[in-house]
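Input: a single structure, listed below in structure tokens.
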Number of protein chains: 2
Amino acid sequence: MLSDRQRMILNVIIDDYIRSAEPIGSRSISKRSDVGYSPATIRNEMADLEELGFLEQPHTSAGRIPSIKGYRYYVDHLVKLGEVNEQDLLFVRSFFTEKMNQMEQIIQHAAMILSNMTNYTSIVLGPETFTTSLKHFQLVPLGEDTAVAIIVTNTGHVENRTISIPQEMSMDEMQQAVNILNAKLIGVPLVRLKAKLYSEVGQELGRYADQFERLLGILDQTLASDNDHRVFMSGTTNMLTQPEFKDVDKVKTLLDLLEETPTIMQMFSALPSGIQVRIGTENTHEAINNCSLITATYSVEGKSLGTIGILGPTRMDYGKVISLLDILSKDMAVLLGRWYK
Amino acid sequence: MLSDRQRMILNVIIDDYIRSAEPIGSRSISKRSDVGYSPATIRNEMADLEELGFLEQPHTSAGRIPSIKGYRYYVDHLVKLGEVNEQDLLFVRSFFTEKMNQMEQIIQHAAMILSNMTNYTSIVLGPETFTTSLKHFQLVPLGEDTAVAIIVTNTGHVENRTISIPQEMSMDEMQQAVNILNAKLIGVPLVRLKAKLYSEVGQELGRYADQFERLLGILDQTLASDNDHRVFMSGTTNMLTQPEFKDVDKVKTLLDLLEETPTIMQMFSALPSGIQVRIGTENTHEAINNCSLITATYSVEGKSLGTIGILGPTRMDYGKVISLLDILSKDMAVLLGRWYK
DNA sequence: CGTTAGCACTCGATAGCGTTGAGTGCTAAT
DNA sequence: ATTAGCACTCAACGCTATCGAGTGCTAACG
């Protein structure tokens, strides 16, 4: 479809544009030592590339910038994965080798590393609920009529909620019910928990009637409240340093989007495994139509655990980001693998 | 120091400027129905006020804007506390009357209400650690060599951390040690916990030697890790809608500041009780030298629990914000009072 | 025939310049 | 003491000219 020379030129244009954020002219390309053609020749090729839809002109007599299609081709065929330099690699690894024994800590750090090394915004989703199961359920009395309900999952995630205990229920009764729940429910995946509660444990606890009903409510509340605990972000303000976000209005819509956890979850859910690149309008949300989102899933034994991603301008250093995500997703998988063995 | 008329004029200028964000001229003041003077008279007074340092002129032939000193005078002597209208009051209260039984939930909501109602950025600090004490300490085994350490405080706050258990220590031994710790340490304020650990419990657990040392480390880790859990923010992007933040650079320095939890903590710590207003350069941090920070502490039985605050441009609706903070801090005190009775 | 030099052309960006109008300070009249 | 009147200032706005980076086309070249 494209000649070697066209590919070369497209490649150079995109590389340069990623660095400079300004339209690239034929002269500047011609001057590069690795390009042996005159500006005129380059111009001809550029005109062709534009006709094919790989390049765009902001206006006549400006240089060319890559189009979405151009970026797409670049990502699919041209990009050289930046061989992450030794130093960076060590940096990444060192972050993970310290005593990092809590899952959320690992995830948080991953987000930080990503945003620090790329200067874009990083988004990390923790493991999906359906792979986690209940490890322990407990009530800790606080005062006369309050207690803390604590749920521990096999991933080491702890969810807690302070609840008020109905007057007519004694602490002892409560504790007894909790014991039964523990006996029956440990090991059950969180998503199936509710169903299991009603079906199996229901009969067993039948005689506890009222109390049981309340406890269910508590468990339910606790489970419902942790939906947003699993999105981590870092470097949200990095966006502001990019020249494409000089306009405050764009910044606002973008930052507002990032604050809406449900939207983020939705964007990240149902992503195919492996590395995905969504360029500009390929993204469903309008607010990021001039952004690119690169995501990588991390998984253990074939099971997808979660997703890490980088959000930056369409003019993004794809090579670097992709290779970084690749490394990091694998490292995370190894590290998190512990919890799932 | 100031004549009645000067005060009136200063008041009008600041009120108008807060609304319009644009320099106020003599004509526009004169035209107001409640001002019976001609522009010329107003001009004379304005010139005097400027000489006294209450007003500033961005440039000759522009209107006047309040100076820091002007705002200060306004806040100290002129501001009419916006009598929060019935509807808003109900709105605030309704937010709190629902089943809101977890401390962090209350605080989070308070931050949300504040930012929603003011369109500025709200910052809320949860109760200081020294008023909270240990309620419960527990280990939940996860796998062969890992466990979750859970600390519950009397405020209903739960702190947790996944830890790895040294090979040479059996779960039973561990559990035994935990039991002793619980027996000895419940009720001890968190800040004194560490000292108490070494002094009192040390001897008791002497024979557990090694294990004890490890457990200490665990408790220590857990306590050290929750320093930033207590700052809540809402409406950070509201800043962007203010005309004084058209400039992306200012926005960035500001948002960066807000992301540094330690700095925020530092800013809020050691604030005198009651309502405080820090205008412009009265703030220590340069990044908010064109902002005003209004804070209110909330306390139960004379003990200060925490702080709620609003960060906005110096051109801020002081009357509204102050009265809102007043109401909210009192409501929060009542609500949180439960935990401390 | 592919490549390149030359040249006219386009158009955003920048600078210079007059105009406008909001606002001031001063003076003299009320 | 207040106000009307007036000259003055200055940012904002719009207009025009200039500049230059970059293009597209044509013709010449190897």
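Atom set for the values below is all heavy atoms of this structure, side chains included, hydrogens, waters and symmetry mates excluded.
Under the salt bridge (Lys or Arg N to Asp or Glu O under 4.0 Å) test applied with Arg64(B), the options Glu50(B), Glu45(B), Glu22(B) reduce to a single match, Glu50(B).
One atom, CD of Glu22(B), and another, C1' of dG23(C), lie 13 Å apart when rounded to the nearest Å.
The residue among Ala40(B) and Gly63(B) whose nearest nucleotide of DNA chain C is located toward the 5' end is Gly63(B). Along DNA chain D, the nucleotide closest to Asn44(B) and the one closest to Ser61(B) are compared, and the more 5′ of them pairs with Asn44(B). Of the two residues contacting DNA chain D, namely Glu45(B) and Ile24(A), the nearest-nucleotide position lying further toward the 5' end is that of Glu45(B).
Salt bridge Arg19(A)/Asp317(A): absent, no basic N to carboxylate O contact under 4.0 Å. No salt bridge links Glu244(A) with Lys250(A); every basic N to acidic carboxylate O contact stays at or beyond 4.0 Å.
Residue Thr60(B) is classed as a sugar-phosphate contact, given heavy-atom separations below 4.0 Å to backbone atoms only.
The salt bridge (Lys or Arg N to Asp or Glu O under 4.0 Å) test applied to Lys69(A) returns no partner, not counting sequence neighbours.
Residues Tyr74(B) and Phe54(B) keep their aromatic ring centres 6.0 Å or farther apart.
Thr297(A) and Leu271(A) make their closest contact through CG2-O, 4.5 Å (heavy atoms, listed as atom of the first residue, atom of the second, distance).
Note that the first and last nucleotides of DNA chain D, 5' to 3', having any atom under 4.0 angstrom from a heavy atom of chain B are dT2(D) to dA11(D).
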